[in-house]
There are 2 protein chains.
Amino acid sequence: MNSFTAENYLKAIYKLVEHSSNPVSTNSIAEKMNTKAASVTDMLKKLANKKLINYQKYQGVYLTTKGEKVALSVIRKHRLWEMFLLEKLDFKWDEVHDVAEQLEHINSEKLISQIDKFLNYPKFDPHGDPIPDANGKIQQQKSNSVSHYKKNDALIMTGVVDHSAVFLQYLDKSGLALGNEIRIKEVIEFDKSLKITINKKNTLFISNEVAKNILAITR
Amino acid sequence: MNSFTAENYLKAIYKLVEHSSNPVSTNSIAEKMNTKAASVTDMLKKLANKKLINYQKYQGVYLTTKGEKVALSVIRKHRLWEMFLLEKLDFKWDEVHDVAEQLEHINSEKLISQIDKFLNYPKFDPHGDPIPDANGKIQQQKSNSVSHYKKNDALIMTGVVDHSAVFLQYLDKSGLALGNEIRIKEVIEFDKSLKITINKKNTLFISNEVAKNILAITR
DNA sequence: AACTATTTTTAGACCTATCTAAATTATTTA
DNA sequence: TAAATAATTTAGATAGGTCTAAAAATAGTT
Ligand SMILES: [Mn+2]
Ligand SMILES: [Mn+2]
Ligand SMILES: [Mn+2]
Ligand SMILES: [Mn+2]
């Protein structure tokens, strides 16, 4: 079995490579893992020995098929647990992540398949991120940041980029939740801030920074 | 925070002292933890430094109030998780322990209080062991081994001593489950084996070894 | 191409948890 | 009570994971 630490490295590498497809740099891993580059190098050697990553000195790394399988399994468990906490135990969407960081390392095939069944096989987690199925297949959404859309577009909110509790709580307070309809009423030229309506009712002003961190599709 | 290992040592010490109240020996801990006496000595020093146990060389150990609190919290989590797996995820009583051994180390007050609530505050786990409440209070049962009773006694099965999967599966196969009525029809003088009936219907022969591992109260 | 700045790796330590083998202390037993 | 046996502790190693400081390699820039 892989240690919790090894699993976390694989997950970090997966997420870093996810949208770029270039090999991942030592420094970027160090930043994501909140550790030092020297520690990362040490770990990369160990992961490479176990054939979980392809690694050549100074050339960055990417996951092997075996490593990707592990990463996807950890991500699957993380997102299913988040969903479980939200749906069954009345957690808020800003409370689920930290506990899921622990639960994602519990090792039991039956446990996770039963949780999946118990939740009726959800496709997305509380933040709109897709949940890999038992084979690691992911159903990708083609959503964009709200900041990419233009005046008069009618959108459905599908996810968030920033997962921090403080951002999620701000969205709560503003009435912005997954599934809501967002209409762009005005784009302020100066700073790209937006005037929007939520579900055709409430009007809200959001900064470009906020808009960049909300994902949506056109309705 | 305490490491998983430290939590496991405290739990082991708690269980060893539970029914004897003498200080616990290094060797008995080593046996329970499946490790070597030398490793135990190392760990005892660390636990003593953290004021979790009282330890004097060669004199055995016992838990401090602080250490007992940790042990009870781990036991509470273990038993609640076992109950959760059984009740909500269709695990069998011989499957819950191994997964609970992992889940008992998840650190979240809210998680465990919500699980407790979700299960409607159960008092006993799937094996009949009492579940400590949030304050560490345990509702003890005054049950005895079936081997302690005598001919014609009418009993209610309340627990098991041996928790191994192989023993639990044997009980399943024999129709012996918690809550069942057991009547002692005959005690074989030679080897103390028993002829019993279950719920006034099925007749069964069990060895003294089996009888010692089944707990019951008089009905 | 040569110099500089950045990134990455190595060297050397430290901490936790574990082990085996040897030494020490406690307990039995004759 | 002295010898033998059992229990416990110490000494010395190993392995995983981390760190700082220094060295080496790469990338950028005149
Ligand atoms: Mn998360
Ligand atoms: Mn999430
Ligand atoms: Mn158990
Ligand atoms: Mn149990």
Side-chain angles (χ1 to χ4, degrees), chain A residues 1-14 16-17 20-63 66-67 70-71 74 101-102 104-107, chain B residues 1-14 16-17 20-63 67 70-71 74 101-102 104-105 107:
Chain A
M1 252 313 95
N2 303 302
S3 66
F4 286 16
T5 311
E7 288 191 346
N8 285 335
Y9 271 94
L10 294 171
K11 187 173 60 146
I13 295 167
Y14 179 90
L16 287 168
V17 89
S20 76
S21 81
N22 311 49
V24 176
S25 75
T26 300
N27 262 355
S28 64
I29 297 171
E31 193 181 355
K32 186 144 225 166
M33 294 287 298
N34 242 300
T35 183
K36 298 299 154 71
S39 306
V40 174
T41 302
D42 287 348
M43 178 56 77
L44 294 183
K45 289 179 192 164
K46 291 172 194 164
L47 295 176
N49 278 339
K50 294 189 193 165
K51 310 279 186 210
L52 292 163
I53 60 172
N54 285 107
Y55 169 55
Q56 295 176 94
K57 275 194 199 186
Y58 295 102
Q59 302 307 301
V61 297
Y62 54 95
L63 297 174
K66 189 178 163 199
V70 175
V74 175
E101 280 295 308
Q102 298 180 62
E104 71 186 7
H105 303 292
I106 302 289
N107 178 22
Chain B
M1 254 311 97
N2 303 301
S3 66
F4 287 16
T5 310
E7 289 191 347
N8 285 335
Y9 270 94
L10 294 171
K11 186 174 61 148
I13 295 167
Y14 179 91
L16 288 167
V17 89
S20 75
S21 80
N22 310 49
V24 176
S25 74
T26 300
N27 261 356
S28 63
I29 297 170
E31 194 181 354
K32 187 143 225 169
M33 295 286 299
N34 244 299
T35 183
K36 299 298 154 70
S39 307
V40 173
T41 302
D42 286 348
M43 179 56 78
L44 293 184
K45 289 179 193 162
K46 291 172 196 165
L47 295 176
N49 278 338
K50 295 190 193 166
K51 311 280 186 210
L52 292 163
I53 60 172
N54 285 107
Y55 169 56
Q56 296 176 94
K57 277 194 195 186
Y58 295 103
Q59 301 306 302
V61 296
Y62 55 94
L63 297 175
V70 175
V74 174
E101 280 295 308
Q102 299 180 63
E104 70 187 6
H105 303 293
N107 178 24

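No hydrogens, no waters, no symmetry mates; every other heavy atom, side chains included, goes into these values. These figures come from a predicted structure and were not determined experimentally. Lettering follows sequence order; numbering is per chain, from 1.
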Expressed in angstrom and rounded to an integer, what is the separation of [X] atom [atom1] from [N] atom [atom2]?
X: B:L44; N: C:dA17; atom1: CG; atom2: P; value: 12 Å
X: A:M33; N: D:dT18; atom1: CE; atom2: P; value: 7 Å
X: B:N22; N: D:dA7; atom1: CG; atom2: C1'; value: 16 Å
X: A:N8; N: D:dT18; atom1: CG; atom2: C1'; value: 15 Å

Pairwise side-chain contact, [X] with [Y], heavy-atom cut-off 4.5 Å (strictly under):
X: A:L10; Y: A:V74; result: no
X: A:Y55; Y: A:L47; result: no
X: A:Y14; Y: A:L63; result: yes

If the cut-off is 4.0 Å, is [X] near the phosphate of [N], judged by side-chain N/O to OP1 or OP2?
X: B:Y9; N: C:dT18; answer: yes
X: A:T35; N: D:dT18; answer: no
X: A:T26; N: C:dT9; answer: yes
X: B:K36; N: C:dT18; answer: no
X: A:K57; N: D:dA25; answer: no
X: B:N27; N: D:dT8; answer: yes
X: A:S25; N: C:dT7; answer: no

Give [X] one of three labels, base, sugar-phosphate or nothing, depending on what nucleic acid heavy atoms sit under 4.0 Å from its own.
X: A:F4; value: nothing
X: B:T5; value: sugar-phosphate
X: B:T41; value: base

**Request:** Could you tell me whether the side chain of A:K66 and the main chain of A:K50 form a donor-acceptor pair under 3.5 Å?
**Result:**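 Such a contact is found between A:K66 side chain and A:K50 backbone.
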
Minimum-distance nucleotide (side-chain atoms of [X] versus [options]):
X: A:A38; options: C:dT18, D:dA11, C:dA11; answer: C:dA11
X: B:M43; options: C:dA17, D:dC19, C:dT20; answer: C:dA17
X: A:K45; options: C:dT9, C:dT10, D:dT9; answer: C:dT10
X: B:K46; options: C:dT16, D:dT18, C:dC19; answer: C:dT16
X: B:Y58; options: C:dT20, D:dT9, C:dT10; answer: D:dT9
X: A:Q59; options: D:dT26, D:dT18, D:dT8; answer: D:dT26

**Message:** For A:D42 and B:K50, find the nucleotide of DNA chain C closest to each by heavy atoms; which residue's nucleotide sits nearer the 5' end?
**Reply:**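 Counting from the 5' end, the first nearest nucleotide belongs to A:D42.
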
**Request:** Write down the atom of B:P23, the atom of B:Y62, and the distance for their closest heavy-atom approach.
**Result:**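 Between these two residues, the closest heavy atoms are CB-CD2, 4.5 Å.
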
**Message:** Parallel, tilted or perpendicular: which one describes the rings of A:F4 and A:H105, with boundaries at 30° and 60°?
**Reply:**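 Plane angle under 30°, so parallel.
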
